[in-house]
Every structure is written in C-alpha cells, then in structure tokens.
Amino acid sequence: MVSTSTSTPASSLDSVQWSRELALVATLFALGLTWTLHPLFANPAGATLQWESRARAADMNLMLWILSWDWNALTQDPWNLLNANIHYPTPRMLLGAEHMLGYVPLYGPIYGVSGNPVLAFNATMLVVLVGAGVNLYALLRHWGVERYGAFFGAAVFAFSPGQLGMLSQLQLLGIALAPLVLIFLDRTLLGGRPINAVLCAVTLTWLAMCSAYLAYISASAIAAYCLSVVLPMRERLSGRSIARVAVAGLATAVMVGAAYFPYTGALNRGDLEDYRASKVLIAFTSHPISTYAVSPRRIRSAEVKTRGTSYYLGFVPAIAVAGCLLRRRRERRWAVWGATGVMMTGYVLSLGIQTSITGVPRTLPYAWLAEYVPGFSSMRVPGRFAILAVLGFACLAGIGFGRWLSLLPKVRARSSVGAVALVAGLVATAYDFDLRSIHTPVAERPTSLSGLPQAYRILAARPRAPVIEAPVGPSSAIRSALGAKAMYASIFHGFPLLNGYTGYKGESATLLDYFSGRLPGAESLELVQRISGLRYVIVNRSRMWGFEWRKWLKVPGIRKVYVDETHALLELGSRPEPDLLEAFVAPGPRHTTFTGTELRVLEPSAQTAAIESPPMLLVARGAQLKTLSSAVINRSSVTWPALAPLADPVVRLVYELRNNNRIITSGHVPLGADLGPGETRKIETPFATGTLIEGGDYQLQVGLSQGGDWFAARSVVEVRVGPPARSRRMRQRGGIGPQGSQAR
C-alpha cells in the first residue's frame with residue numbers, strides 16, 4: 001500500500017496517483033480563480049475585464065485582435081501572417097506588437113469552433129492562470145517539497161498581485177510554463193533519459209513564443225538557475241548531461257531566433273525603437289522597494305504610489321520564506337539555491353539600466369544586455385522582469401512553508417494539523433494580497449458581426465476596400481483607445497483598416513497616421529487616398545461634436561450609405577487612384593520620395609528658407625499649448641524631399657519650447673509634400689507638451705531640419721505664462737491668442 005503522507009516525494013508516486021494529485025490541484029486552483037474573478041466568469045462568453053485606464057482597455061482589444069488575427073491568418077493565408085490588416089497599407093504590421101503564437105494552441109481551437117473571441121480569450125486566460133499554479137506545484141513536488149508546502153508556494157505564484165495585475169497583458173502570463181522548463185532541465189542535468197532534453201527545448205520554445213519579453217526573461221531564468229545549482233549539483237553532473245542541455249539550448253535558440261528574425265530585421269530598419277539611450281527605460285523600471293513591498297490595499301487607497309505594476313511579494317509569504325533558514329528535510333539541496341538565483345536575477349533586471357547607490361549612479365546588468373544581446377535593446381519595460389522575482393519568491397515560500405510544517409510533532413493527526421495550517425496560511429495570504437478587492441468590473445462586448453452596430457454589418461456586405469474609423473483621436477491616449485476599438489471590430493468585418501494601436505508603428509505608419517488624423521481636410525484626404533485607396537469611412541457620431549460630423553458631409557462626392565444616431569457609414573466618391581501605394585510599401589532602402597524627388601542631403605545653398613509664425617502667444621498658467629500655424633517658404637532653387645518616412649533624410653518642421661535655455665518639449669512635423677522652389681506650405685504644429693505649470697516667459701523656436709540638423713532660418717515665438725490671478729481669468733475665457741483672438 002502506497003503511503004499517503006504529505007511528505008511523499010513526487011518521484012515515488014505512480015502515474016495514476018500523480019495524475020490524480022495534479023487533477024485535484026488544478027480543480028482547486030480553477031475554483032479559486034473563478035471565485036476571485038467571479039464577475040468575469042459569470043458571463044465568460046460575452047464579457048471581458050474592464051479598466052478605467054485607457055491604456056489597459058486598449059491592451060485588451062489589442063490582445064483579442066492579435067490572437068484572432070493569428071488564427072485566421074494561419075488557417076487561411078499563413079504566408080501573410082505578418083501583414084496584418086491595421087495601419088493599412090503599411091506592411092508587416094504584426095511586428096508592431098507581440099505575435100503571441102504560443103497561445104494559438106489554446107486560443108485557436110476554441111475560437112475556431114465557436115467564432116467567439118471573448119470566450120476563447122477568457123478560457124485561455126483561465127487555463128494559463130491555473131497552469132501557473134499547477135506547474136509550480138509540480139516543480140516544488142519534483143524538488144521534494146511536501147504537498148502542503150508545494151500548494152502554498154503555487155498559490156502565492158498564481159494569485160500574486162503581479163500575476164493578476166497582468167490580466168490585460170496575456171502575453172506575459174505565459175511565464176506559467178517556466179516551472180515545467182526547470183523540471184525538464186533538472187531531469188536532463190541529473191542524467192535522465194534524452195526525452196527530457198527534448199521536452200525542455202520544446203517547452204522553452206513554447207514559452208518564448210508567447211512573448212518576446214518572455215524569450216529574454218526565460219533565457220535569463222535558465223542562465224541564473226544553471227549558475228546557481230552547478231555547485232550543489234556538481235557531484236551528479238556528467239559531461240553527457242551537460243552536452244544534452246547545451247544541445248537543447250542551441251535547438252531552442254535556433255527555433256526562437258527563426259520565429260523572431262523578422263523582429264530583428266524591423267529593429268535594424270528602425271521600425272522598432274532602440275531604447276539603449278532612452279529615458280523610457282528609466283520610466284518603466286521597478287522601484288527597488290515599493291514595487292515589491294507596498295501592498296495592493298495601500299496602492300488602491302492612494303496611500304502610496306508605486307511605479308508600474310505592483311509585484312507585491314507579501315508579508316505572510318515572507319514569513320514562509322524565512323522557513324528556508326531551517327534545516328533541510330526531504331527537498332533537494334539545490335532547490336533553495338536555484339529559486340534564489342531566479343528571484344535575484346528578476347529583481348536586479350527589473351531595476352533597469354542603472355540605480356543610485358550611496359548617491360552615485362551605478363550601471364546595472366540590464367544596460368550590458370541591451371548593449372550586447374541582439375534585440376534586447378527593444379525591451380522598453382524592464383519592470384516586467386519582476387515576474388522572475390515573483391516566481392523565485394513563490395518557490396522559496398513553498399519550500400519554507402514545508403520546512404515550517406516539518407516542526408510539527410509527529411502525531412497521528414499531523415496531516416490534519418498541516419491542512420489547518422495550510423488553510424490558515426492561504427486565508428492570511430488572500431487578505432495580505434487583498435484578493436477581496438481584486439474584483440475588476442467587466443464590460444460586455446459584441447462577440448459576432450450581428451452584435452456590432454448596423455453600420456458595420458452593412459460594411460461587411462460591401463466590396464472589400466480600405467476603411468478608416470473617425471474620429472482619429474487628437475491625443476495619444478484617445479487615439480490609442482479608438483484605434484484599439486476599431487481593431488476589435490475589424491475581427492468581424494475583416495476589411496483593411498487605416499486605424500490601429502500597437503507599441504511600435506514604424507516611420508511609414510507614423511507618417512500615414514499623421515495625415516489620417518487630419519481628415520477630412522482636402523489635402524490630407526487626397527494624400528491618404530493616393531497612398532491607401534481609402535474608400536469607406538465609419539463615423540462614430542457619439543464620439544464627435546456635431547460640427548466635426550458635418551465636416552465629413554462636406555467632402556466632395558461623399559455618399560451616405562447608412563446613418564443612425566450613433567454611427568454612419570460613408571463612401572468616398574471620385575477617388576484618386578492609389579498611385580503612391582507601390583512606393584509606400586516598397587521594401588529596402590529608399591532613393592526617392594513617394595513622388596520621385598531624390599532623397600539626398602541638401603547643400604547649405606539649398607537650405608534657404610523663410611518661416612512665418614504668429615509673433616506672440618499668451619498662455620494662462622495651467623493652459624496647454626494646442627496648435628501653432630506656421631508658413632514655410634522654400635527660397636532655394638532645389639525641391640526639398642519631404643514625402644517619405646521620417647527615418648529617411650527628409651525635410652521636416654521642428655520645434656523646441658525653451659525656458660532659460662532649458663528645453664521643455666520638442667518635436668517634429670512632416671511637411672506633407674515635397675516643396676518646390678518658391679512654394680509655400682502652412683503647417684499646423686500639434687504640440688506634444690503637457691501642462692505648463694510655472695509662470696514666466698518661454699521661447700518657442702520653429703524651424704526646419706534634415707537629418708537632425710536645423711536650417712539657419714527659424715521663427716522665434718514668445719510664449720508668456722501669466723500669473724495665478726490672471727491665469728484664472730484667462731482660463732475662463734479660453735486663453736488669449738495673437739491679435740486678441742481666442743487661442744486654440
């Protein structure tokens with residue numbers, strides 16, 4: 001008769017017992033997660049989680065669109081997987097986000113059978129969250145941790161604020177596969193059968209295919225684990241086992257490298273940003289203390305603010321971790337070393353490129369990896385490496401909890417006492433993690449074409465052609481939210497879409513996005529049609545002022561296909577031929593602009609220009625700069641190249657807002673057309689600056705540049721921020737602009 005003691009190691013269980021144990025654990029985790037997220041699973045086929053943050057809401061739409069696009073492309077036209085239907089006609093737009101192919105085996109069959117992206121997404125999310133707990137339980141049992149300790153550590157991982165805080169970023173939840181990778185890695189190092197090396201490579205590849213971030217995160221975890229266990233495991237290592245691990249790692253690198261090779265090419269072309277010298281890396285790092293030590297309850301009450309997602313480790317689990325200081329019992333001796341190595345690696349990498357020690361900035365390993373590891377420099381959120389710290393910490397919590405239980409007296413009721421201790425620990429941890437308040441509101445959403453407004457259903461029945469949804473938001477947050485909603489609707493109608501929301505758009509999509517945002521202006525409309533062949537417009541009337549909606553009706557030749565109180569479907573008549581389409585999507589380096597002007601650096605004599613801007617702009621304190629109209633005149637005898645992606649040597653309008661020689665904000669604006677000798681263009685400068693909070697005098701310098709070098713001609717606009725009392729009066733009036741008119 002096989003013992004049922006809680007200390008029975010996993011290796012001594014037969015396959016039937018082991019399957020039953022894992023099935024019970026999976027059931028318990030599924031019930032616990034369903035309760036924790038019960039508003040969602042009350043309607044899993046018609047609702048998704050909802051956040052007040054526009055960015056998170058947009059991320060949810062993005063995830064749904066990516067996974068649906070993956071399945072549809074792979075089953076219908078796999079060769080065009082990368083040529084997603086957003087930011088049309090920009091090629092390879094799937095590279096603007098994670099491809100998330102690792103989730104297709106879970107998401108795809110459910111979506112393919114039901115046609116419901118919401119049901120498929122919620123089911124995938126639940127499977128991944130349950131898998132996180134079950135896989136970590138299996139890892140701890142593989143290390144010899146007794147059942148109650150393994151379950152506690154797995155619960156800490158599955159229900160951690162870091163895990164549940166990433167529900168709008170499903171791609172990162174794939175870390176659930178990491179414990180399986182470590183199991184097969186252990187078995188390979190210990191001289192197990194060759195199949196373990198194969199399973200290690202397959203599982204690691206699957207993990208890396210979920211997210212580019214996870215590819216680097218998992219590689220960091222494997223390196224840290226191997227370095228941590230080599231000494232305590234040295235007596236059991238052999239040359240053959242090390243060779244098998246090396247072959248498995250090489251095979252994984254080849255498969256993952258092939259899958260992400262297009263991303264590397266996009267990074268080299270400049271379509272993906274290189275963040276090595278960017279301040280963005282600093283903005284998205286984890287705080288060394290508050291990220292891990294501030295509880296969700298204090299964050300929700302606004303008592304303490306932390307940077308980025310909270311990866312709170314927990315006070316109760318920390319007490320369990322302290323048990324690792326007790327004498328080792330049955331678990332393998334390298335377990336604590338390996339878990340500690342993984343945890344510390346995640347912690348250090350989450351701090352980004354540098355930190356301040358005793359007031360002196362110190363370069364951290366993240367900066368070295370970004371410098372020397374291909375593609376690593378495109379990882380703009382170092383804080384996401386904190387999930388490794390959570391993983392290692394949860395392992396230590398499980399080991400420590402098991403060692404605390406080993407102190408219980410050896411009596412007949414010991415198993416029952418251990419169960420009571422486990423329940424008490426889980427309840428205390430749930431309170432510590434504030435799981436009672438994790439109930440995120442849900443939002444019902446259409447799950448088929450019939451659930452969309454009538455305008456979309458009519459569009460789907462018309463001849464296939466490019467479409468854009470209006471309005472295109474005036475700010476980045478609104479633009480992202482509306483673009484993401486348009487992407488979700490495109491899952492059902494399938495038309496090429498000029499809108500979009502991705503982390504990386506590239507210079508071509510950014511240029512087209514700029515002119516799309518200025519529709520229905522006649523000049524921008526003609527250019528957009530010549531590039532894309534735009535035919536349809538869906539107007540979200542509920543998100544527009546009446547005068548904005550009427551602008552579309554004044555477009556020459558436009559036809560109202562369908563109009564109701566909330567939406568309108570318009571068809572553009574007398575459309576120009578998309579003669580610039582081929583030039584826009586042409587691969588490789590460019591030698592001319594879209595309209596044929598040679599792309600070359602201008603001689604100083606060809607940089608003769610005049611820039612005319614309003615002489616003064618008075619802005620009240622607390623007001624925000626909106627737009628400034630400048631007239632640009634080409635006073636040279638050479639045509640300036642301008643209509644090409646901004647990564648090329650094009651002439652563009654640039655501006656800098658200064659205060660006492662300190663740059664407050666800066667930016668650039670495309671001219672919109674190659675500018676011939678003697679020609680004049682009026683350019684609207686949409687400022688990216690935030691609110692001006694200090695009174696005083698500012699200088700706005702407006703000029704032209706090519707390749708980062710400013711032309712000699714520039715316009716200097718005085719910007720005066722008034723005193724507090726005056727500011728209140730000016731805000732009530734909307735601000736004062738040039739010649740006493742209201743500022744826009």
Side-chain angles (χ1 to χ4, degrees), residues 10 22 100-103 105-106 127-143 145 150 153-154 157-158 163 171-230 233 237 241-257 259-260 332 334-335 337-346 349 384-385 387-396 398:
L22 290 182
M100 298 178 63
L101 292 176
Y103 292 97
L106 299 175
V127 169
V128 173
L129 288 174
V130 171
V134 173
N135 292 342
L136 191 64
Y137 178 88
L139 173 63
L140 291 172
R141 296 288 284 136
H142 160 76
W143 280 341
V145 179
F157 183 50
Q163 282 281 94
Q171 75 275 26
L172 297 178
L173 295 180
I175 193 66
L177 288 167
L180 287 183
V181 176
L182 296 182
I183 291 174
F184 295 128
L185 176 62
D186 258 9
R187 291 179 176 177
T188 305
L189 288 172
L190 295 176
R193 292 181 298 174
I195 188 61
N196 289 304
V198 175
L199 292 175
C200 182
V202 170
T203 310
L204 184 55
T205 301
W206 188 6
L207 170 59
M209 294 293 283
C210 292
S211 165
Y213 274 97
L214 289 184
Y216 292 105
I217 289 173
S218 59
S220 303
I222 295 299
Y225 185 80
C226 289
L227 291 175
S228 301
V229 305
V230 65
M233 198 186 282
L237 295 177
S241 63
I242 294 175
R244 287 175 178 172
V245 170
V247 171
L250 180 61
T252 301
V254 171
M255 291 185 287
V256 174
Y260 286 102
R332 291 171 171 170
W334 60 82
W337 289 94
T340 303
V342 170
M343 181 182 72
M344 293 308 301
T345 298
L349 291 179
R384 289 176 174 173
F385 281 78
I387 57 179
L388 275 190
V390 176
L391 173 62
F393 182 83
C395 291
L396 293 176

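- A donor-acceptor pair under 3.5 Å links the side-chain atoms of Tyr103 to the main chain of Gln171, judged by distance alone.
- Proximity of a side-chain donor or acceptor of Tyr213 to a complementary backbone N or O of Leu172 within less than 3.5 Å is not detected.
- Taking CG of Asp186 as the start and SG of Cys226 as the end, the distance is 9.0 Å to the nearest 0.5 Å.
- With hydrogens and angles disregarded, a donor-acceptor distance shorter than 3.5 Å links the side chain of Thr188 to the backbone of Ala197.
- Among all heavy-atom pairs drawn from Ala224 and Gly341, the shortest one is CB-O, 3.7 Å.
- Atom CG of Leu136 and atom NE2 of His142 lie 12.0 Å apart (nearest 0.5 Å).
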Could you go through the side-chain contact (heavy atoms from CB on, under 4.5 Å) check for Arg384 and Leu214 one step at a time? CA-CA 9 Å; Arg384 289 176 174 173; Leu214 289 184; over 6 Å; no

Dump the intermediate steps for side-chain contact (heavy atoms from CB on, under 4.5 Å) on Arg332 and Val229, then the final yes or no. CA-CA 11 Å; Arg332 291 171 171 170; Val229 305; over 6 Å; no

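- Rounded to the nearest 0.5 angstrom, Leu204 CG and Leu182 CG are separated by 9.5 Å.
- A distance-only check finds a donor-acceptor pair linking the side chain of Ser218 to the backbone of Ala215 [under 3.5 Å].
- The two residues Phe385 and Ser220 have their closest heavy-atom pair at CE2-OG, 3.9 Å.
- Residues Leu173 and Gln163 approach most closely at CD2-O, 3.5 Å, considering heavy atoms.
- The shortest non-hydrogen separation linking Val128 to Leu106 is CG2-CD1, 4.0 Å.
- Nearest heavy-atom pair, Ile183 versus Asn135, reported as atom, atom and distance to 0.1 Å: CD1-O, 4.4 Å.
- Distance alone, capped at 3.5 Å, is enough to place a donor-acceptor pair between the Tyr260 side chain and the Ala208 backbone.
- In this structure, CG on Leu388 lies 11.5 Å from CE on Met343, to the nearest 0.5 angstrom.
- Between Val134 and Pro179 the shortest side-chain heavy-atom distance does not fall below 4.5 Å.
- Rounded to the nearest 0.5 Å, atoms CG (Leu101) and CH2 (Trp206) are 13.0 Å apart.
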Please determine whether side-chain contact (heavy atoms from CB on, under 4.5 Å) holds for the pair Trp334 and Trp143, giving the CA-CA distance in whole Å, both sets of side-chain angles, and the decisive distance to 0.1 Å. CA-CA 9 Å; Trp334 60 82; Trp143 280 341; 3.9 Å; yes

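- Pairing each heavy atom of Leu189 with each of Leu237, the nearest pair is O-CD2, 3.6 Å.
- Between atom CZ of residue Arg244 and atom CD1 of residue Ile195 there is a gap of 11.0 Å, rounded to the nearest 0.5 Å.
- Listed for the Arg141 side chain is a donor-acceptor partner under 3.5 Å among the backbone atoms of Val145.
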